[in-house]
*Asks:* 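Shown below is the structure under consideration.
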Amino acid sequence: MTKLWGGRFQKSAEQWVDEFGASISFDQTLVMEDLDGSTAHVKMLGACNILPQEDVQQILSGLEQLKKLAADNALEFLVANEDIHLNLEKMLMDLIGPVGGKLHTGRSRNDQVATDMHLFLKNRVGEIIELIELFQQTLVAQAETHIETLAPGYTHLQRAQPISFAHHLMAYFWMLDRDKDRFKDSIKRIDISPLGAGALAGTTFPIDRKLSAEYLGFANVYANSMDAVSDRDFILEFLSNSSMLMAHLSRFAEEIILWSSSEFNFIELDDSFSTGSSIMPQKKNPDMAELIRGKTGRVYGNLMGLLTVIKGLPLAYNKDMQEDKEGMFDTVHTIVGSLKIFEGMVRTMTVHKERLHDTVHKDFSNATELADYLAAKGLPFREAHEVTGKLVFLCIQRNYFLLDLPLEDLQEASNLIESDIYDVLSPLAAVRRRNSLGGTGFDQVAIQIEEAKKRF
């Protein structure tokens with residue numbers, strides 16, 4: 001098959017070489033973006049009187065036919081035509097004849113592919129922002145239900161202080177909110193048109209780059225044609241933002257996995273988001289959470305892969321840049337799926353309130369309350385800490401918890417302790433009192449939830 005760029009070549013590459021160099025197996029994902037870019041480009045060529053209107057209308061008609069075929073998955077892509085651009089250009093010429101070859105006037109595959117990827121990410125980032133917001137709404141709904149559900153808070157995976165379960169859920173809301181803000185901010189660097197930059201130096205045709213950008217809905221155009229065709233910062237930023245998002249989802253997934261174990265038993269996942277064992281009939285595995293935790297690695301890998309590709313490239317375009325697409329496509333697929341799965345998993349999970357209640361009443365997470373009680377009565381906090389530590393050790397020796405200790409034992413440790421200590425040591429009171437801004441006190445959590453609702 002004769003290549004569309006083959007005029008100066010005297011022989012063809014072997015088939016396996018073509019297959020190695022071709023990108024059509026993955027860049028066909030850009031079919032609609034490529035057709036939209038071509039539509040805007042030929043309209044601009046007509047508006048600038050570079051092509052006659054008769055040719056423009058014929059090309060537009062052919063592009064519309066290709067869009068319909070693409071929507072029906074009826075296009076056949078060939079490795080021999082290398083990439084999405086040459087495949088579509090060849091199809092266009094097959095449909096409308098040699099006039100289809102005029103479409104490429106005033107542009108290069110270098111600015112064409114960059115335009116496609118800007119369009120692709122612009123659309124997908126908008127979808128990702130919507131999915132993050134849907135997940136946030138689910139977290140708020142669960143949090144509203146569990147403002148006064150007590151739960152153990154952890155540091156070092158050791159029980160630390162009692163908290164509102166809603167407070168724990170809302171921590172992930174705010175992580176996601178930062179993720180959402182990062183994706184929103186990235187749009188202004190995605191929403192730039194490279195179209196018309198040519199191979200690297202612009203073109204001698206009197207094109208109007210701002211007009212083609214307007215047709216495509218871009219907010220701006222690249223000021224430098226070399227930067228336009230070689231910039232992949234917008235993809236790197238997307239992959240970086242995605243890695244941060246997946247880090248947050250992975251942390252949450254780890255907690256979901258722990259909470260649903262028999263040892264914790266804080267929640268039960270819906271059957272729709274669990275799997276069984278082929279050999280152990282009793283098993284209910286949190287496989288979707290585990291998969292999200294595992295898929296985090298591939299998103300990190302996609303970021304590191306492209307950083308490595310870009311790090312040593314001279315300006316402007318290099319074939320290495322063909323490696324920018326698969327990781328981007330894979331990351332979009334991974335985070336869209338992860339967000340959808342996680343939203344459903346959290347929306348349908350059952351929270352075992354009684355188990356959580358029992359947990360905070362059978363540990364020493366209220367020890368800080370005793371130390372604070374003594375400090376509030378004038379005892380230096382370090383001394384209060386020591387007194388409390390000795391009482392905890394006494395409890396361990398007797399197989400007690402602090403609320404089980406008789407008042408005389410408490411007063412023997414410090415004469416500042418009075419009978420009101422039992423109210424102070426109550427986990428419910430301990431959580432309610434933590435009413436500092438951003439704290440786990442029920443009133444503060446309610447305020448936090450109302451503030452969160454303003455973000456939608």
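Remember, predicted model here, so these are calculated numbers, not experimental data. Below, all heavy atoms of this structure are taken into account, side chains as well, without hydrogens, waters or symmetry copies.
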*Asks:* Please confirm whether the backbone N or O of T359 pairs with a side-chain atom of R159, one donor and one acceptor, at under 3.5 Å?
*Replies:* yes

*Asks:* Give me the ring orientation class for F266 and W259: parallel if the planes are under 30° apart, tilted from 30 to 60°, perpendicular past 60°.
*Replies:* tilted

*Asks:* Which residues pass the side-chain hydrogen bond (donor to acceptor under 3.5 Å, both in side chains) test with Q142, not counting sequence neighbours?
*Replies:* none

*Asks:* Per the ring-ring contact (aromatic ring centres under 6.0 Å, His included) rule, what does the pair list look like for residues 385-419, sequence neighbours excluded?
*Replies:* F364-F401

*Asks:* Hey, does the side chain of R433 reach the backbone of G441 with a donor-acceptor pair shorter than 3.5 angstrom?
*Replies:* no

*Asks:* Taking only residues two or more places apart in sequence or in another chain, which ones pass side-chain hydrogen bond (donor to acceptor under 3.5 Å, both in side chains) with D330?
*Replies:* R298, N302

*Asks:* Check for a donor-acceptor pair, side chain of S274 on one end and backbone N or O of D271 on the other, with a separation under 3.5 Å.
*Replies:* no

*Asks:* In plain terms, say whether R398 and D404 are close enough for a salt bridge, that is, a side-chain N and a carboxylate O under 4.0 Å apart.
*Replies:* no

*Asks:* Between D363 (side chain) and S365 (backbone), is there a donor-acceptor pair under 3.5 Å?
*Replies:* yes

*Asks:* What do the steps show when you test M170 against V140 for side-chain contact (heavy atoms from CB on, under 4.5 Å), and what is the final call?
*Replies:* CA-CA 7 Å; M170 289 302 294; V140 166; 4.2 Å; yes

*Asks:* Among I341, T138, L269, which residue satisfies the side chain to side chain contact (heavy atoms under 4.5 Å, CB included) criterion with V346?
*Replies:* T138

*Asks:* Would R182 and D179 pass as an ion pair if we require N to O under 4.0 Å?
*Replies:* yes

*Asks:* So does L195 get a backbone contact from the side chain of T115, meaning a donor-acceptor N/O pair under 3.5 Å?
*Replies:* yes

*Asks:* Taking only Lys NZ, Arg NE, NH1 and NH2, and the carboxylate oxygens of Asp or Glu, determine whether R434 and E369 approach each other closer than 4.0 Å.
*Replies:* yes

*Asks:* With sequence neighbours excluded, tell me which residues meet side-chain contact (heavy atoms from CB on, under 4.5 Å) with A114.
*Replies:* P194, R232

*Asks:* Side chains of Y172 and L249: does their closest heavy-atom pair fall under 4.5 Å?
*Replies:* no

*Asks:* Taking only residues two or more places apart in sequence or in another chain, which ones pass side-chain contact (heavy atoms from CB on, under 4.5 Å) with E290?
*Replies:* I257, P286, D287, R293

*Asks:* Looking only at side-chain N and O atoms, does E237 offer a donor or acceptor that is under 3.5 Å from a partner on S186?
*Replies:* no

*Asks:* Can you list the residues that meet the side-chain contact (heavy atoms from CB on, under 4.5 Å) rule with L303, with sequence neighbours excluded?
*Replies:* L236, L239, S240, S243, L307

*Asks:* Could you tell me which non-hydrogen atom of P152 sits nearest to which non-hydrogen atom of L356, and how far apart they are?
*Replies:* CD-CD2, 4.0 Å

*Asks:* Could you check whether K453 pairs with E144 (Lys NZ or Arg NE/NH1/NH2 to Asp/Glu carboxylate O, under 4.0 Å)?
*Replies:* yes

*Asks:* Between Y422 and L403, what is the shortest heavy-atom contact and its length?
*Replies:* O-CD2, 3.6 Å

*Asks:* Using a 3.5 Å distance criterion without hydrogens, assess whether the side chain of T331 forms a donor-acceptor pair with backbone atoms of V299.
*Replies:* no

*Asks:* Where the side chain of T350 meets the backbone of I267, is there a donor-acceptor pair that is under 3.5 Å apart?
*Replies:* no

*Asks:* Mark yes or no for whether T440, through its side chain, and S164, through its backbone, hold a donor-acceptor pair below 3.5 Å.
*Replies:* yes

*Asks:* Are any of the side-chain heavy atoms of H168 and H146 separated by less than 4.5 Å?
*Replies:* no

*Asks:* Do you know the tightest heavy-atom contact between D320 and V309?
*Replies:* O-CG1, 3.6 Å

*Asks:* With ring-ring contact (aromatic ring centres under 6.0 Å, His included) as the rule and sequence neighbours excluded, what pairs involving residues 303-362 come up?
*Replies:* F120-F329, F135-F342, F252-F342, H357-H361

*Asks:* Answer yes or no: is there an ion pair linking D36 with K67, defined by an N-O contact shorter than 4.0 Å?
*Replies:* yes

*Asks:* Sequence neighbours left out, what passes ring-ring contact (aromatic ring centres under 6.0 Å, His included) with F234? Give chain and number order.
*Replies:* H118

*Asks:* Find out whether I24 and N81 are in side-chain contact, i.e. whether some heavy atom of one side chain is under 4.5 Å from a heavy atom of the other.
*Replies:* no

*Asks:* Going by the rule ring-ring contact (aromatic ring centres under 6.0 Å, His included), which residues pair with Y215 if we only count those two or more places apart in sequence or in a different chain?
*Replies:* none

*Asks:* Nearest heavy-atom pair of I417 and L370: which atoms, and what distance?
*Replies:* CD1-CD1, 4.0 Å

*Asks:* Is the backbone N or O of I192 less than 3.5 Å from a side-chain atom of N220, with the two atoms forming a donor-acceptor pair by type?
*Replies:* no

*Asks:* Between Q28 and N87, is any pair of side-chain heavy atoms under 4.5 Å apart?
*Replies:* no

*Asks:* Check whether D231 reaches the backbone of A228 with its side chain - one donor and one acceptor, N or O, closer than 3.5 Å.
*Replies:* no

*Asks:* Is E268 paired with R355 through a side-chain N to carboxylate O contact shorter than 4.0 Å?
*Replies:* no

*Asks:* What residues form a side-chain hydrogen bond (donor to acceptor under 3.5 Å, both in side chains) with K180, not counting sequence neighbours?
*Replies:* E133, Q136

*Asks:* Testing the 3.5 Å rule here: is there a donor-acceptor pair between the side chains of R432 and S426?
*Replies:* no

*Asks:* Can you sort out the partners of Y373 under side-chain hydrogen bond (donor to acceptor under 3.5 Å, both in side chains), two or more places apart, ordered by chain and number?
*Replies:* K377, D420

*Asks:* Heavy-atom distance under 4.5 Å between the side chains of R124 and F238, does that happen here?
*Replies:* no

*Asks:* Find out whether L176 and L139 are in side-chain contact, i.e. whether some heavy atom of one side chain is under 4.5 Å from a heavy atom of the other.
*Replies:* yes

*Asks:* Could you tell me if the side chain of S414 sits less than 4.5 Å from the side chain of L374, heavy atoms only?
*Replies:* yes

*Asks:* Any carboxylate oxygen within less than 4.0 angstrom of a Lys/Arg side-chain nitrogen, looking at K68 and E64?
*Replies:* no

*Asks:* Could you pull out all residues at least two apart from H41 that satisfy ring-ring contact (aromatic ring centres under 6.0 Å, His included)?
*Replies:* none

